[in-house]
Q: 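Can you keep this structure in mind? I'll have questions shortly.
Source: prediction; values computed, not measured.
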Amino acid sequence: NSESVAVAIFDGEISAGPCGKLYRSAVIGDVRFPTGRIHEDVVFTPVVCYSAKKTICIDECIYYYRNHNASTIHSKFSLKRYDAIWATDYCIRFFEDKEEPAIVEAVRRKRKYYLVTYAILAWRDKVVVPKEYRMSLLHAIISLRKLTSDDYFEYYLAQIHPKLAVAHEYLRKIKSLLPTGKRKKQ
């Protein structure tokens with residue numbers, strides 16, 4: 001249903017990017033990509049998918065996406081990335097108006113993910129974060145640990161310092177070798 005698709009988009013199970021998606025024009029209606037912003041797909045895709053009566057996902061790779069160094073994801077961190085916060089705030093209001101608490105909660109998780117990862121990337125690239133989005137690096141790391149998988153956590157640790165990711169990976173391997181009863185609960 002449309003609720004589960006929207007939640008899957010914000011939980012990262014389905015890409016918010018428009019690439020690889022086909023829409024009937026009637027479903028899009030008057031929804032448009034916000035102009036002058038990056039992360040505009042964070043608004044467009046979930047809103048349009050929510051409007052669809054039926055969605056179909058296939059597990060086949062039929063679209064070739066080419067990475068390039070000038071893309072938003074691969075470029076140096078910039079304050080423009082905080083457009084993602086604007087986009088999630090827009091979606092929170094949209095789905096609150098639709099009385100969809102499960103989607104709102106998923107959007108809030110995504111917003112927090114953006115805030116903590118941007119705090120780490122801004123620290124790495126020595127960019128001053130706007131006051132309303134500031135948090136300590138330690139708070140960002142602790143929050144990220146709760147929000148992501150080991151792989152993503154290690155990736156962002158490596159953004160701070162490569163040796164942090166290696167230490168975490170070793171700790172994870174040691175824990176996996178311990179008998180279940182000997183593992184310390186976190």
Q: Listing request: all salt bridge (Lys or Arg N to Asp or Glu O under 4.0 Å) pairs with a residue in residues 32-58, at least two apart in sequence or in separate chains.
A: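 Sorted result for residues 32-58: R37-D83.
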Q: Which pairs with one or both residues in residues 146-162 pass salt bridge (Lys or Arg N to Asp or Glu O under 4.0 Å), sequence neighbours excluded?
A: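 Of all non-adjacent pairs touching residues 146-162, those that pass salt bridge (Lys or Arg N to Asp or Glu O under 4.0 Å) are R145-D150, D150-R172, D151-R172, E154-R172.
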Q: Quick one: side chain to side chain donor-acceptor pair (under 3.5 Å) partners of S4, sequence neighbours excluded?
A: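 N1.
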Q: Using the rule that Ile, Leu, Val, Met, Phe, Trp and Tyr join whenever any side-chain heavy atoms are under 4.5 Å apart, tell me whether L137 and L121 fall into a single cluster.
A: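 In one cluster: yes.
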Q: Not counting sequence neighbours, which residues clear side chain to side chain donor-acceptor pair (under 3.5 Å) with Y50? List them please.
A: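 Once residues adjacent in sequence are excluded, the partners of Y50 under the side chain to side chain donor-acceptor pair (under 3.5 Å) criterion are E100.
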Q: Give a yes or no on whether V43 and V107 share a hydrophobic cluster (residues Ile, Leu, Val, Met, Phe, Trp, Tyr; joining criterion: side-chain heavy atoms under 4.5 Å apart).
A: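 Result: yes, single cluster for both.
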Q: I need the full list of salt bridge (Lys or Arg N to Asp or Glu O under 4.0 Å) pairs touching residues 13-23, with sequence neighbours left out, sorted by first then second residue.
A: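 Matches after skipping sequence neighbours: none remain.
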Q: In chain order, what residues pass the ring pair (Phe, Tyr, Trp, His ring centres under 6.0 Å) check against F33, with sequence neighbours excluded?
A: F44
Q: Restricting to pairs with a member in residues 122-141, which pass ring-ring contact (aromatic ring centres under 6.0 Å, His included), not counting sequence neighbours?
A: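 Checked against ring-ring contact (aromatic ring centres under 6.0 Å, His included) - neighbours excluded - the pairs reaching residues 122-141 are Y82-Y133.
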Q: Are I9 and V104 connected, step by step, through hydrophobic side chains (Ile, Leu, Val, Met, Phe, Trp, Tyr) whose heavy atoms are closer than 4.5 Å?
A: no
Q: Within this structure, what is the OG1-OH distance for the pair T117 and Y152, rounded to the nearest 0.5 Å?
A: 10.5 Å
Q: Between atom OG1 of T55 and atom CD1 of I14, what is the distance when rounded to the nearest 0.5 Å?
A: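 Interatomic distance, T55 OG1 to I14 CD1, rounded to 0.5 Å: 7.0 Å.
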Q: Looking only at heavy atoms, what is the nearest atom pair of V42 and P46, with distance?
A: O-CG, 3.0 Å
Q: Measuring only between side-chain heavy atoms, which start at C-beta, is Y23 closer than 4.5 Å to T45?
A: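 Contact flag for Y23/T45 side chains = yes.
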Q: Which salt bridge (Lys or Arg N to Asp or Glu O under 4.0 Å) pairs, counting each pair once, include a residue from residues 118-143, with sequence neighbours left out?
A: none
Q: Determine whether Y114 and I103 fall in the same hydrophobic cluster, where Ile, Leu, Val, Met, Phe, Trp and Tyr are linked whenever their side-chain heavy atoms lie under 4.5 Å apart.
A: yes
Q: Show the nearest heavy-atom pair for residues V7 and A102, with the distance to one decimal.
A: CG2-O, 3.8 Å
Q: Do T148 and Y155 touch side chain to side chain, with heavy atoms closer than 4.5 Å?
A: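 No, side chains not in contact.
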Q: My understanding is that only residues two or more places apart in sequence, or in another chain, count here; which of them pass side-chain contact (heavy atoms from CB on, under 4.5 Å) with L138?
A: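 L138 satisfies side-chain contact (heavy atoms from CB on, under 4.5 Å) with S136, I142 once adjacent residues are dropped.
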Q: Holding to side-chain contact (heavy atoms from CB on, under 4.5 Å), I want the full list of residues that pass it with A122, two or more places apart in sequence or in another chain.
A: F77, V127, V129
Q: Would you give me the side-chain donor-acceptor pairs under 3.5 Å for residues 89-98, sequence neighbours excluded?
A:
{"from": "D89", "atom 1": "OD1", "to": "R111", "atom 2": "NE", "distance (Å)": "2.6"}
{"from": "R93", "atom 1": "NH1", "to": "D89", "atom 2": "O", "distance (Å)": "3.4"}
{"from": "E96", "atom 1": "OE2", "to": "R108", "atom 2": "NH2", "distance (Å)": "2.9"}

Q: May I ask you to test the I160-I141 pair for a side-chain heavy-atom distance under 4.5 Å?
A: yes
Q: What I'd like to find out is whether the side chain of V116 reaches to under 4.5 Å of the side chain of I120, using heavy atoms alone.
A: no
Q: Rounded to the nearest 0.5 Å, what separates atom NZ in K110 from atom OG1 in T88?
A: 10.0 Å
Q: Checking H168 now: which residues fulfil ring pair (Phe, Tyr, Trp, His ring centres under 6.0 Å) with it, not counting sequence neighbours?
A: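 If we apply the ring pair (Phe, Tyr, Trp, His ring centres under 6.0 Å) test to H168, skipping adjacent residues, the hits are F153.
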Q: Could you tell me the separation between the CG atom of L157 and the CG atom of L144, rounded to the nearest 0.5 Å?
A: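 So the CG of L157 and the CG of L144 are separated by 7.5 Å.
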Q: Answer yes or no: is there a donor N or O on one side and an acceptor on the other, between the side chain of S143 and the main chain of A140, under 3.5 Å?
A: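 No, the answer is negative, given that no donor and acceptor are paired below the 3.5 Å cut-off.
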